[in-house]
Amino acid sequence: MDKLKNIIALVALIFSAQLTNAQQTVTLDETVFIHANASTFVSGETILFKIYCLKSSDKSPSTISKIAYVELVDENKKSVFKTKIALRNSTGEGDYFIPTTVKTGNYKLISYTTWMLNKKVTDYFQIDITIINPFKSDIKNGTENKLNLSDSSNQLANKTETAPASGNIAESNPDIKVILPKKTFSNRELVDLRIESANSSFQDGNYSLSVKRIDNISTKKQISANEFVASSREVAILDIQNSDNKLHLPEARGQIISGKITSKTGTDDLKNKFIGLSLPGKSFAFEISQTDAQGNFIFYLKDTFYTSSITVQLIDEKANNYTLLLNEDPEINYEGLSFPAFANLSYTLKESILDRSVSAQIENAYFHKKMDNISKTPAVEPFYTPLAKQYVLDDYTRFKTLKETSTEVVIDIFIRQKDGKNYLHVNDPNVFPQLPEPALVLVDGLYLENQDDLMNYPMKNVYKVDIIIGRYYVGAKPFNGLISFTTFDKDFTSTLTGSSLVKSNILSPKPKKIYNKIEYVNPNEESRIPDYRNQLYWVPELKLNSNNTSFYTSDISGNFEIRLEGFTKNGTPVSVSEFIEVKDASAN
């Protein structure tokens with residue numbers, strides 16, 4: 001049985017495969033839930049979301065998938081935005097800034113895992129999103145909707161408080177307490193919010209918190225965690241013996257990158273060929289896979305890498321006899337999506353839309369003062385650590401070329417030529433004569449089949465050289481030693497090309513953010529910077545009983561909803577909401 005069939009068999013075994021004489025089935029016990037900060041947005045605002053990956057059966061955290069997908073799909077059933085989210089502890093978060101190129105209309109925010117692709121599209125998690133773009137005119141139902149922003153400068157001077165939509169009722173949970181000192185606050189005032197629970201089973205749950213202004217712009221009610229659990233469908237069963245079903249493997253160990261090689265002549269063997277995958281950069285990866293009898297190969301990236309640039313190549317002396325192609329990321333069938341009819345915008349909403357648009361423009365103008373920070377991602381140690389012998393070139397006399405450096409400094413390596421190409425070898429004192437096969441050579445994690453690109457590369461750009469002497473295996477592929485070059489800028493590029501080599505940009509997870517939190521510790525310093533936040537607070541990873549849940553109001557007055565969503569470790573849904581009012585003290 002080839003490698004791909006082994007993987008499928010293992011997946012079927014791990015994920016509750018049920019084998020009978022008539023059929024083989026797999027239980028698809030996975031779903032996702034999204035908590036988004038709103039369902040109606042104006043251009044210039046940001047969709048913030050938190051993903052919960054859960055078991056369909058009891059809504060406890062699912063540990064199957066390590067990657068989730070989020071897409072924004074328009075009414076024409078085209079993807080406007082798509083991202084991968086790395087799941088940590090079965091959760092992840094992300095955001096999407098809505099540019100002015102996105103048209104007014106109804107959209108779907110959809111989330112799924114590759115394991116869920118074995119279900120129908122109607123089983124993916126969906127949120128109906130409305131986006132209003134005041135800068136573009138659009139035609140709906142034969143009527144032109146156009147918002148005139150020519151008076152936006154006057155509108156800013158006459159911003160008025162808009163009443164909240166009627167029918168907003170606070171939700172509660174007997175195990176969760178939302179503690180506020182009062183319900184009415186002034187602009188730029190501290191809101192000392194506490195969210196507490198005495199129930200130990202709730203304290204270790206996963207939660208997200210949003211504090212956002214509500215106005216009279218109609219909005220679709222977003223499904224809560226409680227409603228999600230109440231409306232969930234039964235666990236799906238997939239018949240993997242049915243030829244009509246294509247099994248999508250779960251990304252159980254990380255991102256999946258797959259592809260196929262074909263023979264140009266149609267006669268060359270496709271089985272057990274070595275394929276190398278390089279993800280170069282500051283934290284790099286290099287892995288080797290083997291093909292099955294049909295030339296298919298697959299990689300699982302167990303660590304999260306935030307680089308989108310990859311190089312995949314066939315490692316074979318006759319590589320030029322083959323063509324290598326990468327598979328696209330799996331796509332959903334958008335035809336199964338249904339969108340509600342778009343309601344024409346009422347002229348009475350013009351002031352509210354202008355309020356939101358102007359506020360977003362002001363906030364974006366001062367983005368550099370309030371920008372979010374990228375969470376420092378832990379560096380992934382090279383896969384050969386700590387076996388390597390290291391040469392930090394600044395510790396020695398510097399030489400211009402690799403030939404001089406290998407002769408005078410890194411004396412463990414030497415250069416040989418074969419068929420007019422240069423290859424690096426590691427000198428193994430325990431072997432004589434030296435074996436003919438070259439070493440594994442990496443530059444910033446990029447695998448080089450031959451080292452012609454290094455011959456004229458300035459060694460002043462190289463920070464260090466790592467060496468492993470002796471036989472070294474990556475997967476089932478042996479090399480006669482390892483040589484890894486690390487440059488100062490970690491931006492080495494190769495000129496190598498060919499049909500058996502693919503350089504591509506893939507959809508990669510985005511680094512985790514630390515969302516900006518406005519604090520008026522010294523009001524005098526901040527007094528000249530306008531604060532037109534409609535989104536006062538967003539915490540994708542909330543800890544109950546924490547002392548760090550307070551936030552400040554902005555210069556925007558009105559009614560704001562505090563919404564907490566999440567799940568306990570045993571799958572109990574939590575949906576809690578409360579409302580506060582912010583009044584302009586100067587208006588009294």
Side-chain angles (χ1 to χ4, degrees), residues 66-71 79 81-86 92 94 96 114 251 253-261 274-289 297-315 319 323-331 374-385 440-454 457-458 461-464 466 474-475 482-513:
K66 299 298 183 291
I67 299 291
Y69 295 77
V70 175
E71 289 193 55
S79 182
F81 160 74
K82 182 177 180 179
T83 186
K84 281 183 181 179
I85 305 294
Y96 173 61
T114 56
E251 293 178 293
R253 289 181 286 167
Q255 294 185 73
I256 289 180
I257 297 175
S258 61
K260 184 175 183 177
I261 61 169
F274 291 108
I275 308 295
L277 167 67
S278 302
L279 282 91
K282 295 181 179 179
S283 291
F284 62 79
F286 175 71
E287 296 191 11
I288 286 181
S289 179
F297 60 86
I298 188 169
F299 291 94
Y300 280 92
L301 301 179
K302 64 178 181 178
D303 293 310
T304 301
F305 296 91
Y306 299 103
T307 178
S308 60
S309 175
I310 66 169
T311 299
V312 182
Q313 54 193 305
L314 174 62
I315 303 175
T323 299
L324 186 150
L325 294 174
L326 292 180
N327 295 329
E328 298 289 337
D329 279 332
E331 294 186 352
I374 300 297
S375 177
K376 185 177 181 181
T377 56
V380 178
E381 292 288 344
F383 60 90
Y384 52 78
T385 302
L440 167 60
V441 180
L442 305 171
V443 186
D444 295 332
L446 176 64
Y447 171 72
L448 296 184
E449 177 70 18
N450 68 73
Q451 289 77 59
D452 288 342
D453 284 337
L454 281 173
Y457 186 76
N461 295 340
V462 176
Y463 164 61
K464 66 175 182 177
D466 294 327
V474 180
L482 175 145
I483 308 169
S484 177
F485 296 84
T486 302
T487 67
F488 283 104
D489 295 330
K490 299 180 177 63
D491 59 354
F492 178 85
T493 57
S494 172
T495 60
L496 296 178
T497 58
S499 62
S500 62
L501 180 148
V502 173
K503 299 177 183 178
S504 180
N505 287 320
I506 61 171
L507 184 66
S508 60
K510 302 302 179 186
K512 185 179 177 181
K513 283 185 178 180

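The residues of the chain are indexed from 1 along the displayed sequence.
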Novice: Would you say the side-chain atoms of E251 pair up with the backbone N or O of I256, donor to acceptor, closer than 3.5 Å?
Specialist: yes
Novice: Ring-plane angle category for Y96 and F81, please: parallel below 30°, perpendicular beyond 60°, tilted otherwise.
Specialist: parallel
Novice: Quick one: does any side-chain atom of S494 pair with a main-chain N or O of L496 as donor and acceptor, under 3.5 Å?
Specialist: yes
Novice: Which heavy atom in G276 sits nearest to a heavy atom in F286, and how many Å separate them?
Specialist: CA-CE1, 4.1 Å
Novice: Can you tell me if N450 uses its side chain to pair, donor with acceptor, with the backbone of D452 under 3.5 Å?
Specialist: yes
Novice: Grab the two heavy atoms, one from I67 and one from G254, that are nearest each other, plus how far apart they are.
Specialist: CG1-C, 4.1 Å
Novice: Going by distance alone, is a donor N or O of one side chain under 3.5 Å from an acceptor N or O of the other, for T495 and D453?
Specialist: yes
Novice: Do you know the tightest heavy-atom contact between K84 and Q255?
Specialist: NZ-OE1, 3.1 Å
Novice: State, without any angle test, whether Y447 and E449 hold a side-chain donor-acceptor pair at a distance under 3.5 Å.
Specialist: yes
Novice: Just so I know, are the side chains of L448 and L454 near enough to count as touching, which here means a heavy-atom distance under 4.5 Å?
Specialist: yes
Novice: Does one side chain, of S484 or Y384, offer a donor that lies under 3.5 Å from an acceptor on the other?
Specialist: yes
Novice: For the pair T486 (side chain) and D444 (backbone), establish whether a donor and an acceptor sit closer than 3.5 Å, ignoring hydrogens and angles.
Specialist: no
Novice: Measuring only between side-chain heavy atoms, which start at C-beta, is N327 closer than 4.5 Å to I298?
Specialist: no
Novice: Can you name the nearest heavy-atom pair linking F299 to I275, along with the distance?
Specialist: CZ-O, 3.3 Å
Novice: Minimum heavy-atom separation for I85 and G94, please, with both atom names.
Specialist: CD1-CA, 4.2 Å
Novice: If I compare all heavy atoms of T385 with all of E381, which pair ends up nearest, and what's the gap?
Specialist: OG1-OE1, 3.8 Å
Novice: Would you please indicate yes or no on a ring centroid separation below 6.0 angstrom for F492 and Y457?
Specialist: yes
